[in-house]
Amino acid sequence: MRTLLKMTCGFPSPPGLTLQSGAARTALDHRVKPGGDSGTGARLVRCLAIVAMLSGIGLSSGSSAQDAEPVHGLSAFGELKYPADFEHFDYVNPDAPKGGELVTVSTLATGTFDSLNGYIVKGDAAAGTASPENLIFDTLMVGAADEPDAVYGLVAESAELVPGESVTFTLREEAVFADGSPITAEDVKVSFELLKEKARPGFRLALEDVESAEVLGPRRIRYNFVEGQPARMLPMLVAGLPIFSKAYYDKVDFTESTLDPPLSSGPYKVGRVVRDRSITYERRDDYWAKDLPVNRGRWNFDTIRFEYFKDHPTALEALMAGELDLREEFFSKLWATAYDTPAVREGRIVRDTIVDGRPAGTQGYWINTRREKFQDPRVREAIGLAFDFEWSNKTLFYGIYKRTDSFFENAPFEAVGKPEGAELDLLQEYSDQLPPAVFDAVYVPPVTDGSGRARRNIRAAMKLLDEAGWELVEGKRMKDGEPLTIEFLDDSATFARITNPYIQNLERLGIDATLRQVDRPQYQRRVKEYDFDIITARLSFSLTPGPSLPNIFGSEAADLPDSFNFPGIKEPVVDALIERAQNAETREELYTALRAIDRILRAGHYWVPQWAKGTHTLAYEDKFGFPDNKPPLSRGVYDTWWVAAAADDPAGANDGETD
């Protein structure tokens, strides 16, 4: 049986799934970049599209799948929330007015862009071209932002599932591209083949267990799965692939970067493009699916424009000057100190904190174990002990964060305490391959007094380095005549205020540590080729992680360029547990496997966990309306907000507060 290790990159995502770098930089970019202290966006996030879709996918349907009866949606476990005759999602205002403009900064993108193709290796794609900000391509089914693992029919009016073998979709007769040409099964087939054969290399792995896409008729497409492979995740995976026009790509080379707008199938089309500066999307009045239940009350702005800025302070200045309508703040210092302005005091700009119902994610300093000096877990643990989070939170972050300690922070599958019950039984199956620490209390970074001295941690780190054979010689850690050096790689100076104090603590251990800032192209190349010691990145999971796991934690991904296994993790037991998770028949089985994975990885000290917060911090012009019932797994800005004067808000609108 082939190992189920799927390198992911680029599929549309159900809500609540993100894969982000440590910085809020160029969106939809598969490179990781450190930056804002809460951790967001980068080209890495463009690949999150795949990770997102792969993370929440399953094989249960709203009715029995054994007889392959048509169903209106698919869910990973259990019944669907919405029945076949539902009118709209609960978190939208179905009477929201259409019109107006949203001018914003992508949560994933700053910097530059030079391409409108978000699915290929070449170029830096603009925000909005691929998930999670995909505005232009429809999919067979679409996720609900109040269910962690369900999709409902969009282009597909129904699905027929034969578990472990195939899934067949029937397309809606009214589905058309922006030029009026019908969306056919042949378009869906060609889209699958382009992604599997010509998109970024990760697609070949992500789709390796989808044997073929077979056209059964103009409106019928069947995906066949490789026999003998776990296929619980695959139906929702293929349901979320973007749909391209065959006729368009018969004339246009899919593999070439271009600023020519593609033929869209979604709610928006590309409007004005100013390379490196801005991109505008125009709502399609003739959008065929605007009145479907999955779209009612959504996609309300006439235009959405993403502006690009060289740095975060400049974007903040643009907001205060009225050049932007909305911006999410990712820097605690700016949120605490930079919003005491006339625009805020006078009420023109609203500051808002929105609860984020998703798992908090895994932001941290990732240590590259492909380098021999980092292969000893004692060295990695010592490096982690030198980071004084409590001092950073008090001094730099104004106390707004909490320490992350789990790879699945704030999720129901985060490991806690000692393993027991089903988790202990599972781990004992591999006891001869696991260190004793896995069976003790799960690793949690020790808490300092916040003074900046962290003496207890420094002493413990000194002992670990001694045990690992790194002797202290004239103040420098040496082994086999070589010093222990660490280079923190970044492409921006914004993280320096956090990393430089950390470097000072590492120097107290005798480690020669430096922060190296390089230009963006060099950074991208080095991360892609794993030519780094330590980088900062944030990866987030849905409440139903699936095939994203091999790409982040699997051994095969460690040797593949451009994967998200930044530390080069190669743990055979983790590989086995990933497969157990992918084959789980119940949510509890899935969570048991995930807790075991979390426990093993934390014992391995592959990263230095940083911090998290369970909110979105937004600042926006006081001109928006939004539903009272915010979607728990999404910000909901692009698809559920609207432009509305406070006095004219329709029923169900809210123009100043969120839960």
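When side chains are defined from C-beta on, Val105 does not count as touching Leu319, because their heavy atoms never get closer than 4.5 Å. At least one side-chain heavy atom of Leu633 sits less than 4.5 Å from a side-chain heavy atom of Pro148. By the 4.5 Å heavy-atom criterion applied to side chains, Arg327 and Leu316 are counted as neighbours. The closest side-chain heavy-atom distance from Asp146 to Pro631 is not below 4.5 Å. Contact annotation: the side chain of Phe309 approaches that of Leu324 to within less than 4.5 Å [non-hydrogen atoms, C-beta and beyond]. At a threshold of 4.5 Å between non-hydrogen side-chain atoms, the residues Asp124 and Ser115 do not count as touching. Counting only heavy atoms from C-beta outward, the side chains of Trp641 and Leu326 approach each other to under 4.5 Å. Between Leu396 and Phe331 the shortest side-chain heavy-atom distance does not fall below 4.5 Å.
At a threshold of 4.0 Å, the pair Lys623-Asp325 counts as salt-bridged, since one of the basic side-chain nitrogens sits closer than that to a carboxylate oxygen. Taking a cutoff of 4.0 Å between a charged side-chain nitrogen and a carboxylate oxygen, Glu328 and Arg635 qualify as a salt bridge. With salt bridges taken as basic N to acidic carboxylate O contacts below 4.0 Å, none links Asp187 and Lys189. Using a cut-off of 4.0 Å between Lys/Arg side-chain N and Asp/Glu carboxylate O, Arg345 and Asp340 are scored as salt-bridged. For Glu487 and Arg526, the salt-bridge test passes: some basic side-chain N is under 4.0 Å from an acidic carboxylate O. No salt bridge links Glu307 with Arg277; every basic N to acidic carboxylate O contact stays at or beyond 4.0 Å.
A donor-acceptor contact under 3.5 angstrom links the side chains of Trp288 and Asp138, judged on distance only. With hydrogens and angles left out, the side-chain atoms of Tyr620 and Asp352 include a donor and acceptor closer than 3.5 Å. Inspection of the Tyr152 and Glu147 side chains reveals an N or O donor paired with an N or O acceptor under 3.5 Å. A donor and an acceptor atom, one from each side chain of Gln610 and Tyr401, are nowhere located under 3.5 Å apart. A donor and an acceptor atom, one from each side chain of Thr255 and Asp253, are located under 3.5 Å apart. Side-chain contact of Lys290 with Asn295: a donor-acceptor pair under 3.5 Å is absent, judged by distance alone.
Between the side chain of Arg275 and the backbone N or O of Leu259 there is no donor-acceptor pair closer than 3.5 Å. The backbone N or O of Thr617 lies less than 3.5 Å from no partner atom in the side chain of Thr615, so there is not a single donor-acceptor pair. When atom types are taken as modelled, the side chain of Lys196 and the backbone of Leu207 share a donor-acceptor pair closer than 3.5 angstrom. Side-chain atoms of Asn565 do not come within 3.5 Å of backbone N or O of Ala557 as any donor-acceptor pair. Ser191 places a side-chain N or O within donor-acceptor distance of the main-chain N or O of Phe244, the cut-off being under 3.5 Å. Judged by distance alone, with hydrogens and angles left aside, the side-chain atoms of Thr499 form no donor-acceptor pair with the main-chain N or O of Ala496 at under 3.5 Å. Between the side chain of Arg348 and the backbone N or O of Met320 there is at least one donor-acceptor pair closer than 3.5 Å. Distance alone, capped at 3.5 Å, is enough to place a donor-acceptor pair between the Thr640 side chain and the Gly636 backbone. Thr362 contributes a side-chain N or O that, together with a main-chain N or O of Leu539, makes up a donor-acceptor pair within less than 3.5 Å. Within the 3.5 Å criterion, the main-chain N or O of Lys333 finds a donor-acceptor partner in the side chain of Thr337.
Judged by a 6.0 Å distance limit and a 45° cone about the ring axis, Arg284 is not positioned over the six-membered ring of Tyr281. Cation-pi geometry between Arg351 and Trp335 is satisfied (NZ or CZ under 6.0 Å from the ring centre, within 45° of the ring normal).
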What's the verdict on side chain to side chain contact (heavy atoms under 4.5 Å, CB included) for Lys246 and Asp250, showing C-alpha distance, side-chain angles and the deciding distance?
CA-CA 6 Å; Lys246 176 182 181 300; Asp250 280 345; 2.9 Å; yes
Would Thr536 and Asp490 satisfy side chain to side chain contact (heavy atoms under 4.5 Å, CB included), going step by step from the backbone distance to the final call?
CA-CA 8 Å; Thr536 294; Asp490 199 353; over 6 Å; no
Given Tyr530 and Ser563, is the side chain to side chain donor-acceptor pair (under 3.5 Å) satisfied, shown in steps?
CA-CA 9 Å; Tyr530 308 120; Ser563 82; 2.7 Å; yes
Side chain to side chain contact (heavy atoms under 4.5 Å, CB included) between Tyr523 and Leu489, intermediate numbers included:
CA-CA 8 Å; Tyr523 181 89; Leu489 185 66; 3.7 Å; yes
Could you walk me through whether Ser106 and Glu133 pass the side chain to side chain contact (heavy atoms under 4.5 Å, CB included) test, one step at a time?
CA-CA 8 Å; Ser106 167; Glu133 294 177 334; 2.7 Å; yes
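The distance from the CG atom of Leu102 to the OG1 atom of Thr303 is 8.0 Å, given to the nearest 0.5 Å. Atom CG of Asp639 sits about 8.5 Å away from atom CG of Asn300, to the nearest 0.5 Å.
Note: Phe89 and Tyr91 have parallel aromatic rings, judged against thresholds of 30 and 60 degrees for the angle between ring planes. Classified by interplanar angle (parallel below 30°, tilted 30° to 60°, perpendicular above 60°), the ring pair Trp299/Tyr268 is perpendicular.
Residues Asp276 and Tyr308 approach most closely at O-CB, 3.6 Å, considering heavy atoms. Closest heavy-atom contact between Val238 and Leu140: O-CD1, 4.0 Å. In plain terms, the two heavy atoms of Arg172 and Leu292 that are nearest each other are NE-CD1, 3.6 Å. Here the closest non-hydrogen pair linking Ile136 and Pro262 is CD1-CG, 3.9 Å. Minimum heavy-atom separation, Tyr339 to Ala619: CE2-CB, 3.6 Å.
If you look at Phe306 and Tyr638, their ring centroids are closer than 6.0 Å.
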